[in-house]
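Atom set for the values below is all heavy atoms of this structure, side chains included, hydrogens, waters and symmetry mates excluded.
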Amino acid sequence: MHVGMFYSRAAHWLVYGAAAWAVGCATAAAAEPATTLQRQVNQAVDLAYEEPLRGLATLRALDASPGRPAEQHRIIQAGIGLIAADHAMAADAAAAVDALERLSKEVGPLAHADALLVRADLEMEMGDTIQGSRDIVAAIGGYAPYCDAAMAADRLRCNDFDWFYANMFAGVTLDSAATRGTAGMYLQTAGAIAHRADRPDLEARAAIYSAQVAQEENNLEMSDRLLQRADVLATRSRDASAQEFVKMFIGFVRQDRNDLAGAQSQLEAAMAIASGAGHARRMVELAAFMSQLDMRQGRPERALQRIQRAMPQVEHGHLEGLKQQLVTNQVLALLQMHGVEEGRRVLRSLLDTLDARSTAADRGEIIGKLGNALAAAGDEDGAMKLFQREQQSLFAGRNKQFERTMLDRQAELGARQQAERRAELRRWAALGACVVALLLAATAAVSWMRLRNRRLARANDALRDQSERDPLTGLLNRDGLLRGLRERGRLDEFAGTLLLIDIDHFKNINDTLGHAGGDAVLREAAARLQACVREGDLVVRWGGEELVVAILSSPFDGDALVDRILHSLAASPIAFQQRTVSVSASIGYASFPLDGDAAPMTFDEALAVADAGMYYAKRNGRRAAVRIARLPRELLVDLGGLPAAVERGASRGSIELRVRRPATRDGAFAAAGLPAAALPS
């Protein structure tokens, strides 16, 4: 496991140390009951890293105490949500989000910010990095008026743990080539929060992730200085969890730089600290990582011994994901030792577990590793089947790296086939005395290779087509849309009309009809939407109940289209098993370039504009379409904060919006802040 992979999944480990935050304020607030409660909540979240069910039970018992004010329920529900999200307990996390949203009506925006934090944590855990990044940035925007020293008006209500964690989370999730500078700023803020609170353990974590940003920028000197600083801070803190975490991360950095001996030394040091502290979960994690390092060093026997020692520890507690990792490594080690039959036996059991319990993104990642190992062990047919399953899993998880991964797999197979072809020709050449037999065999071999290559090409074409379609609705998925835009040159300079459509109250539909009924509603809504557009327009299931329409011809009458869509969705209820449900949608849309702004926008910026319109529609009654006709370009600097900026700008008249609802008898519509009579029809 190299450091980039560790970093991409590091959000899962943020809570462990950060959860122990004790609000060390030297103010009168330190004696307040809410502060004492916050310590209890943070301790429960800390406990939950090793024993999540016990941590949840502790917080639920606290929440059940009679007479608690709403503010205290907010603090407890935020803790419950973070525990559930970190351990992929989707139902518990969603319940906490709902509770926090209800509490926001009593205690204000902080509860909504807590809900966004929990939601982002769960989305990242389930592989939805795009929405997770949006929600964590929005959460920071919600905390800032209470926690940011430059703007806070009510600092006593700020929970420094949430403020620290949100900034750390944003720094981790936004680390990409396009947003690395922003990620660095969030991490610096997190480090400053920890430093002011005299928490070297947390400051060490911020330094570790800042070191990773520097490494991604190829600034190895800065990365090394930050790693050294993190090690010093962790040692000073006397906190075992921080020390083992820093040692573990430095081990991954050494491994990524091909210093395998240095990596081994750091991981062994982390294991010694975790063993002394009795951190069972961390010990299992380290065993999984060290067994991978063993295999990389050509020592699969040692890897198997390490796995066998760790396996009994995952049979209790909430460690299913770690068990899958250990079994995956076990299969890889067996295959590396050329035990193909034994490896296949364990592999079948692992695949059944993956199908039942893992997320699509995690499943695709693991299956890809196993496919490579099967191919290296000589089982090309088994490898091909696994690569096909990997592609399907990555598609199901809406992983943005799908296309790149698929092309990598094709390149690997192509290179392996070429090597196999050369080896076959060399073997036949050694039989020079049998020239006729050689020619016949070579001809047969080449024909067979050509036939297999054609079959592989057809299979890849079919998989690519399948991978770009949503299996539920038959619409394009994200990858299909992005490929279509890329082929037309519209990713970097989007021109046309873009609609983002969200089915209103979809959770209530699921609660009323069940998930099968929700699926039926989505299929029917997709069919009605498809009937409203022209052949050649791109209609996409973007994710969940969100749909996208991209019209690439310009000029285009977007108003007429949204009228058709609003009317079509609301025209008649959708039936499912003798029950019916009325459906409406909130739509955000715009035609690009915007009025009075000829400068091009990227597709991501255009989508953020449509998303802001959709958000405005949902906040102002739903069952409507909001067109953003004009807005100040400087708002595009912070795409995550664009919905809130549009809301403010609409109220002040600095942003031009048009609001449409399903047609009334006279066909009138209204725009934000203006009477219908003052608008063009």
Side-chain angles (χ1 to χ4, degrees), residues 21 23 25 29 32-35 37-38 41-42 63 68-82 85 93-123 131-170 173 186 189-190 193 502 507 586 588 608 611-622 635 638-652 655 672:
W21 184 282
V23 184
C25 302
E32 290 296 319
T35 303
L37 176 67
Q38 184 66 64
V41 171
N42 293 340
D63 201 40
R68 286 199 181 278
E71 179 72 11
Q72 294 189 10
H73 284 299
R74 175 186 76 82
I75 294 171
I76 296 170
Q77 285 297 328
I80 290 173
L82 288 176
V97 168
D98 288 344
L100 288 165
E101 294 290 14
R102 289 194 298 272
L103 286 167
S104 68
K105 298 175 182 178
E106 297 181 61
V107 302
L110 273 175
H112 178 59
D114 289 336
L116 288 169
L117 181 64
V118 173
R119 186 183 300 153
D121 198 348
L122 180 63
E123 286 160 349
Q131 191 58 47
S133 298
R134 288 181 183 174
D135 283 341
I136 193 60
V137 171
I140 289 175
Y143 288 131
Y146 301 88
C147 299
D148 190 329
M151 62 186 299
D154 190 7
R155 188 71 179 77
L156 293 180
R157 292 191 66 197
C158 176
N159 173 14
D160 281 332
F161 160 62
D162 290 340
W163 184 228
F164 170 85
Y165 180 45
N167 279 278
M168 281 282 286
F169 200 167
T173 59
Y186 282 126
T189 300
I193 296 167
D502 186 270
K507 182 181 183 301
S586 299
D611 183 56
M614 184 268 287
Y615 183 86
Y616 187 91
K618 294 183 78 67
R619 288 290 296 268
N620 291 273
R622 293 185 170 87
L635 295 182
D638 179 14
L639 296 182
L642 190 57
V646 166
E647 187 101 20
R648 292 193 299 270
S651 64
R652 297 169 184 167
I655 294 176

Check side chain to side chain contact (heavy atoms under 4.5 Å, CB included) between [X] and all other residues, then give those that pass, not counting sequence neighbours.
X	answer
Ala70	Leu103, Glu106, Val107
Ala93	Ala84, Ala85, Val118, Leu122
Asp63	His73, Ile76, Gln77
Asn620	Tyr616, Glu647

Rounded distance [0.5 Å steps], [atom1] in [X] versus [atom2] in [Y]:
X	Y	atom1	atom2	answer
Tyr165	Asp121	OH	CG	3.5 Å
Asp611	Leu639	CG	CG	10.0 Å
Met614	Arg619	CE	CZ	12.5 Å

### Message
What verdict does the side chain to side chain contact (heavy atoms under 4.5 Å, CB included) test give for Leu110 and Asp162, after you've listed the backbone C-alpha separation in whole Å, the side-chain angles of each residue and the deciding distance to 0.1 Å?
### Response
CA-CA 10 Å; Leu110 273 175; Asp162 290 340; over 6 Å; no
Testing the basics here: between [X] and [Y], what is the closest heavy-atom pair and its distance to 0.1 Å?
X	Y	result
Ala120	Ile136	CB-N, 3.7 Å
Ala645	Ile655	O-CD1, 3.7 Å
Ala190	Met168	CB-CG, 3.5 Å
Ile140	Ala170	CD1-CB, 3.5 Å
Leu642	Ala612	CG-CB, 4.0 Å
Ala96	Gly81	CB-CA, 3.6 Å

### Message
Among residues at least two apart in sequence or on other chains, which ones pass salt bridge (charged side-chain N to carboxylate O under 4.0 Å, His left out) with Asp98?
### Response
Lys507
### Task
Return the set of residues passing salt bridge (charged side-chain N to carboxylate O under 4.0 Å, His left out) with Arg74 (not counting sequence neighbours), or none when no residue passes.
Glu71, Asp114
Not counting sequence neighbours, which residues clear side-chain hydrogen bond (donor to acceptor under 3.5 Å, both in side chains) with [X]? List them please.
X	value
Arg102	none
Arg68	Gln72
Asn167	none

### Query
Less than 4.5 Å apart, any side-chain heavy atom of Asp502 and any of Tyr615?
no
### Task
I would like to know whether Asp148 and Thr189 meet side chain to side chain contact (heavy atoms under 4.5 Å, CB included); could you show each step before the answer?
CA-CA 10 Å; Asp148 190 329; Thr189 300; over 6 Å; no
